[in-house]
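Order of listing sets the numbers, starting from 1, for every ligand and every atom in it.
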Amino acid sequence: MGPLSYLTDQLNELRVSGSFFRLRELQGACEPVSQVDGREVINLASNNYLGLANHPRLKEAALEAVRKYGAGTGAVRTITGTMSIHMELERKIAAFKNTEACVVFQSGFTANAGTVSSILTPDDHIISDELNHASIIDGCRLSRAKIHVFRHRDAAHAAEILDGLQGVSGRKLLITDGVFSMDGDVGPLPGLVEAAEKYGAIMMIDDAHSSGVLGRNGRGTVDHFGLHGRVHVQVGTLSKAIGVLGGYVCGSQDLIDYLYHRARPFLFSTSHPPAVTAACSAAFDLLVEEPERVERLWENTRYFKAALRANGFDTGVSETPITPIHVGEAKEAHAYSAALFEEGLWATGIGFPTVQKGRARIRCIVTAAHTHEHLDRAVETLARVARRMGILSA
Ligand SMILES: *Cc1c(COP(=O)(O)O)cnc(C)c1O
């Protein structure tokens with residue numbers, strides 16, 4: 001019984017509640033059909049929305065960058081860690097998003113946490129959707145600003161909180177996910193932007209699941225809703241639809257210069273290796289040159305959801321490729337996910353504490369790279385296993 005034995009106790013509790021997991025191992029690239037744990041499965045688990053994670057153009061760009069710039073950068077961005085390709089990527093993203101400037105972080109997580117914590121102080125106020133991502137929550141906590149939570153997707157509630165803060169000192173930051181990762185629903189941006197403008201709040205959105213998915217060529221929710229110039233801080237990720245790794249913040253030149261000077265993950269953690277930066281850059285070229293990939297993603301999304309509904313599944317409030325299938329408790333979600341895997345379908349089981357108790361689900365994410373044949377087989381498997389387990393009535 002060492003001093004860490006309490007960890008063992010907690011792990012045993014996870015085992016009892018059915019939430020303990022083992023990491024699944026991909027034995028090759030992330031593809032619509034992947035080799036995982038010795039089995040070939042249809043992959044509905046990844047965030048690889050556009051199928052770029054294993055795209056030849058990205059891989060070639062990475063290899064070429066390794067030959068020219070090497071494997072690593074030698075330091076953080078403010079020392080030797082800024083190469084020509086880092087600046088080129090930031091200029092490319094800023095142009096794509098139609099903003100003055102952009103800063104790239106090591107991940108979407110550090111982009112959110114580093115930005116919120118550096119632009120606010122303990123005297124300030126954050127008005128945050130109750131289902132915002134963990135990286136936003138951590139950024140809010142790190143800033144030590146006062147946190148006010150509004151009901152999920154309730155712009156009127158956010159406005160009410162802002163109204164109540166009128167005359168209270170400190171800056172106000174209104175923040176939401178663009179697309180929510182668990183339900184696939186879209187944040188009420190027009191209403192939130194209006195509230196932010198009315199009360200003089202900073203408007204910030206996290207487009208992790210909307211980058212490469214919503215808007216023209218996948219420009220995100222600001223473009224989708226026609227709100228250019230009205231959102232002060234736009235965060236995106238390079239780790240999902242872009243297919244590689246990283247996060248970015250787009251906004252005014254002053255915002256970006258400020259983050260260069262003050263964002264702690266930017267200042268105190270080494271920059272992306274050349275391979276990552278160059279592959280991200282190639283992905284943005286593809287988004288501009290081949291918008292049909294985004295169209296295929298949406299066509300597949302409509303096809304998959306329609307087939308699920310035809311089989312009696314409730315696809316909930318999702319408006320995006322994220323498609324949850326609700327089953328109740330965590331134990332059932334994990335059992336359903338495990339049974340599906342045995343039948344050749346990979347879809348993640350998600351339960352408490354990631355989602356509320358009783359709201360456990362498996363989450364299917366459609367990509368542009370799936371064929372209709374993959375999706376037909378997936379729906380057939382989902383329905384057959386659900387009937388066998390009593391999730392769908394027979
Ligand atoms: C995935 C995700 C992130 C983190 O992005 P990474 O690049 O994987 O670190 C941030 N916000 C939201 C809403 C996400 O879904």
**Student:** What side-chain donor-acceptor pairs closer than 3.5 Å can you find for residues 93-104, not counting sequence neighbours?
**Tutor:**
residue: Lys97; atom: NZ; partner: Arg219; partner atom: O; Å: 2.9
residue: Thr99; atom: OG1; partner: Ala101; partner atom: O; Å: 3.3
residue: Glu100; atom: OE1; partner: Gln253; partner atom: N; Å: 2.8

**Student:** Tell me whether Ile322 shares a hydrophobic cluster with Val186, the cluster being built from Ile, Leu, Val, Met, Phe, Trp, Tyr side chains joined at under 4.5 Å.
**Tutor:**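 Looking at the clustering, Val186 is in the same group as Ile322.
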
**Student:** If you look only at distance, which donor and acceptor atoms sit under 3.5 Å apart when one is on a side chain in residues 342-351 and the other is two or more places apart or in another chain?
**Tutor:**
residue: Glu342; atom: OE1; partner: Arg39; partner atom: NH2; Å: 3.0
residue: Glu343; atom: OE1; partner: Arg384; partner atom: NH1; Å: 2.9
residue: Glu343; atom: OE2; partner: Arg388; partner atom: NH1; Å: 3.4

**Student:** With a 3.5 Å cut-off and sequence neighbours excluded, list the donor-acceptor pairs that the side chains of residues 13-23 form with protein atoms.
**Tutor:**
residue: Arg15; atom: NH1; partner: Asn12; partner atom: OD1; Å: 3.0
residue: Ser17; atom: OG; partner: Glu13; partner atom: O; Å: 3.4
residue: Ser17; atom: OG; partner: Leu14; partner atom: O; Å: 3.1
residue: Ser17; atom: OG; partner: Ser19; partner atom: OG; Å: 3.3

**Student:** Are any of the side-chain nitrogens in Asp285 or Lys92 under 4.0 Å away from the carboxylate oxygens of its partner?
**Tutor:**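 Looking at Lys92 together with Asp285, the answer is yes, because their closest N to O distance falls below 4.0 Å.
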
**Student:** For ligand 1, output the ligand-protein N/O contacts shorter than 3.5 angstrom; if there are none, return none.
**Tutor:**
residue: ligand 1; atom: 7 (O); partner: Gly108; partner atom: N; Å: 2.7
residue: ligand 1; atom: 7 (O); partner: Thr237; partner atom: OG1; Å: 2.7
residue: ligand 1; atom: 7 (O); partner: Ser239; partner atom: OG; Å: 2.5
residue: ligand 1; atom: 7 (O); partner: Gly246; partner atom: O; Å: 3.4
residue: ligand 1; atom: 9 (O); partner: Gly108; partner atom: N; Å: 3.1
residue: ligand 1; atom: 9 (O); partner: Phe109; partner atom: N; Å: 2.9
residue: ligand 1; atom: 11 (N); partner: His133; partner atom: ND1; Å: 3.3
residue: ligand 1; atom: 11 (N); partner: Asp206; partner atom: OD2; Å: 2.5
residue: ligand 1; atom: 15 (O); partner: His209; partner atom: NE2; Å: 3.1
residue: ligand 1; atom: 15 (O); partner: Lys240; partner atom: NZ; Å: 2.6

**Student:** Quick one: does Gln106's side chain have a donor or acceptor within less than 3.5 Å of a partner on Gly247's backbone?
**Tutor:**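 Side chain of Gln106 to backbone of Gly247, a donor-acceptor pair under 3.5 Å: no, none is there.
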
